[in-house]
Colleague: 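Sharing a structure here in structure tokens format.
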Amino acid sequence: MSPSTWTLEIESPAPAARLFKAVLDWHNLAPKLLPNVIASAAGIQGDGSVGSVRQLNFTSAMPFGYVKERLDFVDFDKFECKQSLIEGGDLGKKIESASTQFKFEQTSKGVCVCKVVTTYKPLPGVENKDEVAKAKEAVTAIIKAAEAHLLANPGSYA
């Protein structure tokens, strides 16, 4: 099957630079902000630069136990990064591969727009419509949780 793509844009009052840093550090932030979903998480390889790998371990709230993500691209000046799913989740069960690109842009209206593009290759015969809706909800929840943390903690990720 050919790759499929979905996109999402999320507005946030949090500054683009801080939101970008929080998403890059999500493995440290997530267990504190979403303990009902993320049981634990850690950087397991690398120093946060391209090639680094992190693992997120989920609670029973998720249909799978964990995911490992590799950072494939990062531009600290443009607040942009791309990561690939390398293990866990629906990999090998419903999808052959998946990658997500995040870009955070500060607008002239003073808000940040988080642009998300996910590309995935479904396994033959697998329909992913419900999973796409769930993935969009999950990404929105991540951005909104990070946003709430940043607004409540003005010095965090400054």
Side-chain angles (χ1 to χ4, degrees), residues 5-91 95 97-120 131-158:
T5 300
W6 59 261
T7 61
L8 180 66
E9 286 193 10
I10 306 163
E11 282 194 5
S12 172
R18 292 179 60 217
L19 200 50
F20 172 69
K21 290 175 189 174
V23 168
L24 280 179
D25 195 41
W26 189 242
H27 56 284
N28 289 315
L29 201 51
K32 299 171 193 166
L33 301 183
L34 299 174
N36 55 324
V37 178
I38 310 288
S40 64
I44 58 172
Q45 179 182 319
D47 60 0
S49 60
V50 171
S52 295
V53 176
R54 65 183 176 188
Q55 180 170 329
L56 292 97
N57 301 303
F58 300 105
T59 67
S60 60
M62 294 294 286
F64 38 79
Y66 74 99
V67 295
K68 285 186 183 176
E69 302 169 332
R70 181 187 59 237
L71 185 61
D72 296 326
F73 169 81
V74 63
D75 186 325
F76 292 101
D77 295 325
K78 294 183 179 176
F79 313 129
E80 189 173 350
C81 64
K82 182 178 179 183
Q83 60 195 31
S84 293
L85 179 64
I86 60 170
E87 190 177 308
D90 284 333
L91 194 63
I95 57 172
S97 62
S99 64
T100 301
Q101 182 171 347
F102 292 90
K103 184 169 183 146
F104 299 85
E105 297 177 340
Q106 201 68 41
T107 70
S108 58
K109 297 177 184 175
V111 298
C112 167
V113 176
C114 173
K115 297 180 179 182
V116 182
V117 178
T118 294
T119 303
Y120 65 97
E131 280 75 12
V132 169
K134 289 176 188 175
K136 287 182 176 183
E137 287 177 21
V139 170
T140 300
I142 288 167
I143 299 302
K144 291 301 178 180
E147 169 190 294
H149 172 75
L150 295 174
L151 295 176
N153 299 279
S156 182
Y157 299 99

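Because the structure is predicted, anything quoted here is derived from the model rather than measured.
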Colleague: Nearest 0.5 Å, please: how far is NZ in K103 from CG in D75?
Modeller: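 That separation rounds to 8.0 Å.
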Colleague: For a quick test of reading the model, state the closest non-hydrogen atom pair linking I143 to C114 and the distance between them.
Modeller: CD1-SG, 3.9 Å
Colleague: For a quick test of reading the model, state the closest non-hydrogen atom pair linking C81 to L71 and the distance between them.
Modeller: CB-CD1, 4.0 Å
Colleague: Just by modelled atom types, is the L150 backbone N or O under 3.5 Å from a matching donor or acceptor in the R18 side chain?
Modeller: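 Yes; judged by distance alone, with no hydrogens or angles, the pair exists.
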Colleague: Under 3.5 Å, side chain of S12 to main-chain N/O of C112, donor-acceptor pair present?
Modeller: no
Colleague: Would you find a donor on one side and an acceptor on the other, under 3.5 Å apart, between the side chain of S52 and the backbone of D47?
Modeller: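 Indeed, once roles are kept as given, a pair shorter than 3.5 Å links the two residues.
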Colleague: Which word best sums up how the rings of F76 and F20 line up, parallel for under 30°, tilted for 30 to 60°, or perpendicular for over 60°?
Modeller: perpendicular
Colleague: At their closest point, which heavy atom of V139 faces which heavy atom of V116, and how far apart are they?
Modeller: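 What the structure gives for the nearest pair is CG1-CG2, 3.9 Å.
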Colleague: Considering residues, nucleotides and ligands other than E11, do more than 12 of their heavy atoms fall under 6.0 Å from its CD?
Modeller: no
Colleague: What's the separation between atom CD1 in I38 and atom CE in M62, rounded to the nearest 0.5 Å?
Modeller: 7.0 Å
Colleague: Identify the two heavy atoms, one from E69 and one from I86, that lie closest to each other, and give their separation to 0.1 Å.
Modeller: N-CG1, 4.3 Å
Colleague: Under the criterion side chain to side chain donor-acceptor pair (under 3.5 Å), which of T7, T5, T100 is the partner of T118?
Modeller: T100
Colleague: Looking only at atom types and distance, does a side-chain atom of R54 sit under 3.5 Å from a main-chain N or O of L24, one as donor and one as acceptor?
Modeller: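 Yes; at least one donor-acceptor contact below 3.5 Å.
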Colleague: Does a sphere of radius 6.0 Å around NZ in K136 hold more than 12 heavy atoms from other residues, nucleotides or ligands, not counting ones at 6.0 Å or beyond?
Modeller: yes
Colleague: Taking all heavy atoms of A30 and all of L56, pick out the closest pair and write down the distance.
Modeller: CB-CD2, 4.4 Å
Colleague: With rounding to the nearest 0.5 Å, note down the distance linking CG in L19 to CD1 in I142.
Modeller: 11.0 Å
Colleague: Quick check: do V23 and F104 have side-chain heavy atoms less than 4.5 Å from each other?
Modeller: yes
Colleague: Is F102 close to I10 at the side-chain level, that is, under 4.5 Å between some pair of heavy atoms?
Modeller: no
Colleague: List the atom of L151, the atom of P13, and the distance in Å for their closest heavy-atom pair.
Modeller: CD1-CG, 3.7 Å
Colleague: How many angstroms lie between NZ in K68 and CG in L91, if you round to the nearest 0.5 Å?
Modeller: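 Going from NZ on K68 over to CG on L91, the span is 11.5 Å.
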Colleague: Quick check for you: to the nearest 0.5 Å, what is the distance between H149 atom NE2 and L29 atom CG?
Modeller: 5.0 Å
Colleague: Are the side chain of K21 and the backbone of A158 linked by a donor-acceptor contact shorter than 3.5 Å?
Modeller: yes
Colleague: Would you say the ring centroid of F64 lies under 6.0 angstrom from that of F58?
Modeller: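 Yes, the ring of F64 comes within the 6.0 Å limit of the ring of F58, centre to centre.
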Colleague: Quick check for you: to the nearest 0.5 Å, what is the distance between R70 atom CZ and Q45 atom CD?
Modeller: 9.5 Å
Colleague: Carefully, step by step, assess K144 and E147 under the rule salt bridge (Lys or Arg N to Asp or Glu O under 4.0 Å).
Modeller: CA-CA 5 Å; K144 291 301 178 180; E147 169 190 294; 3.1 Å; yes
